[in-house]
Amino acid sequence: MDWFAYRDDGQLYCEDVNLDALAAEVGTPVYIYSRKTFEHHYDSIAGAFAELDPLICYSIKSCGNIHIIRLLAERGAGMDVVSGGELHRAKLAGVDTSKIVYAGVGKTDAEIRAGIEAGIGYFNIESEAEFENISHIAAEMGTPCHGALRVNPDVADPKTHAKTTTGKKETKFGVDIERARQFFEAYGHNEHCRLTAIHLHIGSPIYSPDPYVLAINKALDLIEELRGKGYTIDALDIGGGYAADYETGKSPAYTDYADAIVPLLRGKGLKVILEPGRTIAANAGVLLTRVQYVKTGGSKKFVIVDSGMHHLVRPAMYDAFHFIWPTHLEPNYLPEHRAMEMTHEGLETTDVVGPICETGDVLAKARMMPPVNRGDLLCVFTAGAYGMVMASNYNAMPRPAEVLVDGATATIIRRRETYADLTDAETKIETVRV
Ligand SMILES: *Cc1c(COP(=O)(O)O)cnc(C)c1O
């Protein structure tokens with residue numbers, strides 16, 4: 001469910017804002033976010049899991065503009081951060097730091113110190129060496145902190161891309177269940193970093209509740225065993241990875257996940273933590289890009305646009321599908337849903353490609369699309385998650401602006417980068433004494 005929709009005039013709107021008119025004002029490429037969609041997604045997942053009264057820690061890495069973080073925090077969200085930079089963003093946005101969980105395999109000393117200083121809820125612990133370092137730093141600072149051991153339950157959704165699978169034994173994340181027992185024997189009574197929670201995050205996107213059920217059951221067995229041995233475990237963080245509707249109706253609803261997960265966790269004396277990112281952000285954002293040229297090569301039609309892998313890398317990196325459609329249409333091309341296969345009369349097989357000097361710079365391959373012309377505006381849907389956050393300056397291209405729409409109001413929440421932004425960090429050079 002989102003608030004990007006075509007009206008009868010054949011024009012695409014975000015809430016009450018006409019996207020052609022908006023692009024004319026702010027230029028392209030530009031990421032457009034819908035406030036109502038963010039709020040609706042957050043409220044829906046909170047509602048589906050309400051019986052557990054969970055702490056919902058939005059995954060900042062999916063879409064981390066501080067204005068987005070703030071609007072979710074104002075609704076009660078905590079945050080899942082994976083770096084000192086994300087912690088910085090969360091603090092700037094005014095997040096209650098006790099509602100922050102901090103994951104990531106490579107936390108540096110400075111990042112750990114910043115987390116302890118901020119009084120975050122939990123460090124998600126990824127290895128023995130990391131635990132020892134966190135405990136050492138907490139002791140040095142005289143400030144105890146809390147840890148959630150990231151357990152690798154060895155489950156995976158077969159539909160999840162290999163690059164985003166994290167819950168298999170052979171990934172770099174967490175420790176396997178057997179090692180978790182030894183982990184608690186070694187560190188379960190540590191006073192500086194109190195190991196009182198278990199953390200899971202099995203990958204993304206996960207198109208079925210089943211892998212969660214498997215993983216949570218394994219975690220519950222472990223928790224029962226640990227409690228039997230006298231360890232206090234009062235929280236279970238079940239991670240993120242819930243799918244988003246890249247194609248209309250292809251993902252489970254929040255209630256499908258909740259119906260399978262809630263019964264496992266009710267009455268277990270555990271504070272439940274969720275870390276959704278994609279499922280909240282993906283459909284809440286689109287990327288608008290303008291057609292620069294149309295080129296026919298052999299039997300192929302290339303639509304060359306002013307954005308590409310440098311702004312939205314998912315198609316190039318994960319072969320990800322994003323529905324792409326023009327923002328203004330003849331009524332016969334109105335899409336009744338977003339899907340890989342579209343069947344309107346008169347569609348043309350089209351590759352949508354960017355300006356980057358790489359053959360892999362594609363946004364869509366062999367896609368059936370309405371005919372488009374130079375100057376037309378295309379909407380890349382479901383681009384809110386892992387879009388702008390993964391954008392780069394490759395080929396010295398400034399990154400897009402970001403705009404947040406709220407009803408009939410549009411606000412630039414990140415200005416378009418300039419050429420000066422590209423080179424500012426290079427203007428002051430200094431010789432290093434070694
Ligand atoms: C990336 C990540 C998430 C969020 O994943 P989504 O697929 O965006 O929901 C949650 N927890 C951890 C530890 C992550 O690394």
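Atoms within a ligand are numbered from 1 in the order they appear, just like the ligands themselves. In this text, all values refer to a predicted model and were calculated from it rather than measured experimentally.
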If the cut-off is 4.0 Å to any non-hydrogen atom of [X], which atoms of ligand 1 fall inside it?
X: Ala103; answer: 13 (C)
X: Gly240; answer: 9 (O), 10 (C)
X: Gly277; answer: 6 (P), 8 (O), 9 (O)
X: Ser59; answer: 1 (C), 2 (C), 3 (C), 4 (C)

Glu275 contact mode with ligand 1 (heavy-atom cut-off under 4.0 Å):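 It is both parts that get close, each with some atom under 4.0 Å.
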When only distance counts, is [X] in polar contact with ligand 1, meaning an N/O pair under 3.5 Å?
X: Lys61; answer: yes
X: Thr279; answer: no
X: Ser204; answer: yes
X: Ser62; answer: no

Salt bridge flag under 4.0 Å for residues Glu126 and Lys107: no
Lys/Arg N to Asp/Glu carboxylate O, Glu117 vs Arg113, below 4.0 Å: no
Whether Trp325 and Phe323 hold their rings parallel, tilted or perpendicular, with breakpoints at 30° and 60°: parallel
Could you tell me if any non-hydrogen atom of [X] lies under 4.0 Å from any atom of ligand 1?
X: Phe173; value: no
X: Pro276; value: yes
X: Gly241; value: yes

Shortest heavy-atom approach to atom 8 (O) of ligand 1 - which of Tyr102, Tyr58, Tyr242, Tyr386: Tyr386
Centroid separation Tyr231 to His189 less than 6.0 Å: yes
Ring center gap for Tyr42 and Phe38 short of 6.0 angstrom: no
Any side-chain heavy-atom pair of Leu220 and Leu265 under 4.5 Å: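 Heavy-atom side-chain distance check passes, below 4.5 Å.
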Side-chain donor-acceptor pair present, Tyr246, Arg278, cut-off under 3.5 Å: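 Distance-only check passes for Tyr246 and Arg278.
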Within 45° cone and under 6.0 Å: Arg7 NZ/CZ vs Tyr13 ring: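 That pair qualifies as a cation-pi contact.
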Heavy atoms of other groups near Leu347 CG, more than 12 under 6.0 Å: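 Check passes, neighbour count above 12.
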